[in-house]
2 protein chains.
Amino acid sequence: MQTDNFIPCFSIDCVVFGFHNNELRVLLLKLKNLDKWMLPGGFVSYDKDVDEEAIKVLRERTGLDDIFLRQFHLFGKKDRISKSHAQEMVDKKVISEDLKKWFDQRFLSLGYYALVEYSKVKKPEPDPVSEAIEWCPFSELPDLVIDHVDIVQKAHQRLKKELNFQPIGLNLLPDEFTMSELQALYETILNKQLDRRNFRRKMLAFDILKNTGKKRTGNAHKSPILYSFDQEKYQQLLQADHLF
Amino acid sequence: MQTDNFIPCFSIDCVVFGFHNNELRVLLLKLKNLDKWMLPGGFVSYDKDVDEEAIKVLRERTGLDDIFLRQFHLFGKKDRISKSHAQEMVDKKVISEDLKKWFDQRFLSLGYYALVEYSKVKKPEPDPVSEAIEWCPFSELPDLVIDHVDIVQKAHQRLKKELNFQPIGLNLLPDEFTMSELQALYETILNKQLDRRNFRRKMLAFDILKNTGKKRTGNAHKSPILYSFDQEKYQQLLQADHLF
DNA sequence: ACAAAAGTGTTGATCCTACACCCATGG
DNA sequence: CCATGGGTGTAGGATCAACACTTTTGT
């Protein structure tokens with residue numbers, strides 16, 4: 001790692017949300033030789049926009065390019081990283097000795113959250129510091145380094161709030177999906193039950209769903225209609241950001 | 001200025017909103033020897049929380065301590081500061097030669113916005129780089145350095161959005177105020193007219209206003225009731241952050 | 001007495017919520 | 001044929017927008 005190119009004391013952390021088996025999940029890296037996990041993140045080169053670097057992190061980790069990605073908070077407490085953190089990383093051979101100085105800095109970390117379609121993410125090779133990359137259920141996060149739990153929680157709070165202003169789903173669901181699947185997504189994020197019939201009515205009223213004419217069969221019940229998003233109207237609504 | 005103590009490449013900018021003569025205003029500094037203005041801001045010491053430093057900037061500039069202050073965006077474009085900016089500051093003797101190196105860095109700037117009560121702010125002495133400090137009308141901002149116009153605009157956008165989630169006014173109005181004054185504040189921020197009667201009903205429904213029993217006289221019209229905020233209920237509502 | 005802002009109440013439209021029935025499908 | 005989830009409609013309540021009349025004050 002060429003740390004000379006990086007702006008010092010500054011990092012990026014990305015909370016990547018996916019949705020699978022009716023469960024909200026977060027993409028996490030397992031640190032080598034340590035029973036701790038971390039958010040995918042990185043540093044900012046002197047000649048790159050901060051947002052660019054965040055996009056790069058996402059691309060490297062998920063292979064996805066056109067992604068919903070939002071900056072949401074700068075974590076800047078002076079003692080957010082414990083004194084022993086870098087030393088422990090060196091001791092456990094997570095990082096090499098010569099990187100200790102870099103990781104021993106005080107870091108301000110800018111949090112981003114991303115919404116991605118679970119199935120489209122090719123699970124990539126772990127990198128030099130991590131031995132695994134996994135989709136962990138949001139409801140039972142493993143031990144995370146530093147203040148990464150706070151970052152995930154704050155990202156979720158923000159996501160919940162944004163639901164009031166923005167349509168959501170285009171980035172989290174497959175191209176075709178049923179109304180129930182869309183509802184399950186909302187219920188998971190908001191962590192509360194919604195009325196099936198009212199939900200449908202409301203969603204259709206937004207006029208961002210296209211009935212594909214197809215149905216999903218094989219479910220031992222009535223076959224539900226498959227919908228897709230009307231990309232154009234969806235984007236319009238995203239811009240508008242009026243209340244939902 | 002002891003730049004050694006500061007985290008490099010990182011600054012804070014504060015958009016301080018005030019309300020006076022039915023007008024939204026922003027606190028700005030006029031640069032010495034230059035026909036440009038800037039937002040009050042500062043840098044972050046290695047041993048201080050970022051939020052602490054923002055509070056400090058506000059205290060130094062307004063004399064106020066207990067202030068509504070929110071982080072809202074990190075401005076991180078690589079070319080947000082023009083190459084010639086630092087040189088110009090040196091040429092015009094805004095900063096001394098030995099500070100050129102510091103100001104020639106690439107800076108990421110964290111934007112905060114604050115709401116303050118205009119009348120409580122003692123207009124302080126300008127500092128070494130500025131020759132004046134003024135409340136400029138938001139609707140007709142002067143020439144600002146770097147991307148400070150964008151920062152102000154984005155702060156205003158965010159403020160508008162937050163109005164949907166939070167009560168506002170406690171920080172922008174004097175202790176006692178009329179319903180019309182409160183309405184004028186909302187109308188100014190939202191930049192649209194509201195119905196007088198519906199506004200009153202809605203506000204009273206929130207149950208955060210106390211009728212002081214007093215009236216404002218001397219206006220050649222019916223004397224309006226003076227209200228004050230019920231601090232306790234106001235704070236409760238702030239926490240709750242449900243929709244307004 | 002009058003001009004102008006302040007206080008108050010009502011009505012219709014709209015939106016949201018709660019709820020019940022029939023339909024289709026695979027087992 | 002039946003269990004189960006999927007599709008549809010409706011009635012009551014709450015909320016919001018639009019609007020008009022009366023009151024108070026200084027001049």
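Lettering follows sequence order; numbering is per chain, from 1. Keep in mind that the numbers below use all heavy atoms, side chains included, and drop hydrogens, waters and symmetry copies. In this text, all values refer to a predicted model and were calculated from it rather than measured experimentally.
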Handout entry: Verdict with reasoning, A:S11 to A:S109, per side chain to side chain donor-acceptor pair (under 3.5 Å)
Key = CA-CA 5 Å; A:S11 62; A:S109 194; 3.0 Å; yes
Could [X] and [Y] be counted as a cation-pi pair, given that NZ or CZ must be under 6.0 Å from the ring centre and within 45° of the axis?
X: A:R197; Y: A:F199; result: no
X: A:K210; Y: A:Y227; result: no
X: A:K154; Y: A:F72; result: no

Practice task
For ring-ring contact (aromatic ring centres under 6.0 Å, His included), just list the numbers for B:F75 and B:F107, CA-CA rounded to whole Å, side-chain angles, deciding distance to a tenth of an Å, and then say yes or no.
Solution key: CA-CA 9 Å; B:F75 296 83; B:F107 277 103; over 10 Å; no
Rounded to the nearest angstrom, tell me the gap between atom [atom1] in [X] and atom [atom2] in [N].
X: B:L194; N: D:dC19; atom1: CG; atom2: C1'; result: 16 Å
X: A:K202; N: C:dA18; atom1: NZ; atom2: P; result: 13 Å
X: A:R216; N: C:dG26; atom1: CZ; atom2: C1'; result: 16 Å

Practice task
Measure from the side-chain N and O atoms of A:D230 to the backbone N and O of A:K233, and report whether any donor-acceptor pair falls under 3.5 Å.
Solution key: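 Answer holds: yes.
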Practice task
Decide whether B:Q183 and B:E187 meet the rule of one side-chain donor and one side-chain acceptor closer than 3.5 Å.
Solution key: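 Yes, a side-chain donor-acceptor pair sits under 3.5 Å.
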Problem - Donor-acceptor side-chain pairing of A:S228 and A:T212 below 3.5 angstrom - result: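 On atom types as modelled, these side chains do not qualify, holding no pair under 3.5 Å.
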Practice task
Taking only Lys NZ, Arg NE, NH1 and NH2, and the carboxylate oxygens of Asp or Glu, determine whether A:E176 and A:K215 approach each other closer than 4.0 Å.
Solution key: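 Here A:E176 does not pair with A:K215 in a salt bridge, since their nearest N and O are not under 4.0 Å apart.
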Dump the pairs, protein N or O against N or O of nucleotides 22-25 of chain D, anything under 3.5 Å, distances to one decimal.
{"unit_1": "D:dT24", "atom_1": "O2", "unit_2": "B:K222", "atom_2": "N", "d": "3.1"}
{"unit_1": "D:dT25", "atom_1": "O4'", "unit_2": "B:H221", "atom_2": "O", "d": "3.1"}
{"unit_1": "D:dT25", "atom_1": "O2", "unit_2": "B:A220", "atom_2": "O", "d": "2.9"}

Problem - From A:L182 atom CG to A:M203 atom CE, the distance as rounded to the nearest 0.5 Å - result: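 Nearest 0.5 Å value for the CG-CE distance: 5.0 Å.
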Exercise for the section: Using a cut-off of strictly less than 4.0 Å between a heavy atom of the residue and any atom of DNA chain C, enumerate the qualifying residues of residues 173-183 of chain A by number. Expected result: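 None - not one residue of the stretch has a heavy atom sitting under 4.0 Å from the strand.
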Pick out the pairs of N or O atoms, protein on one side and nucleotides 8-12 of chain C on the other, that lie under 3.5 Å.
none

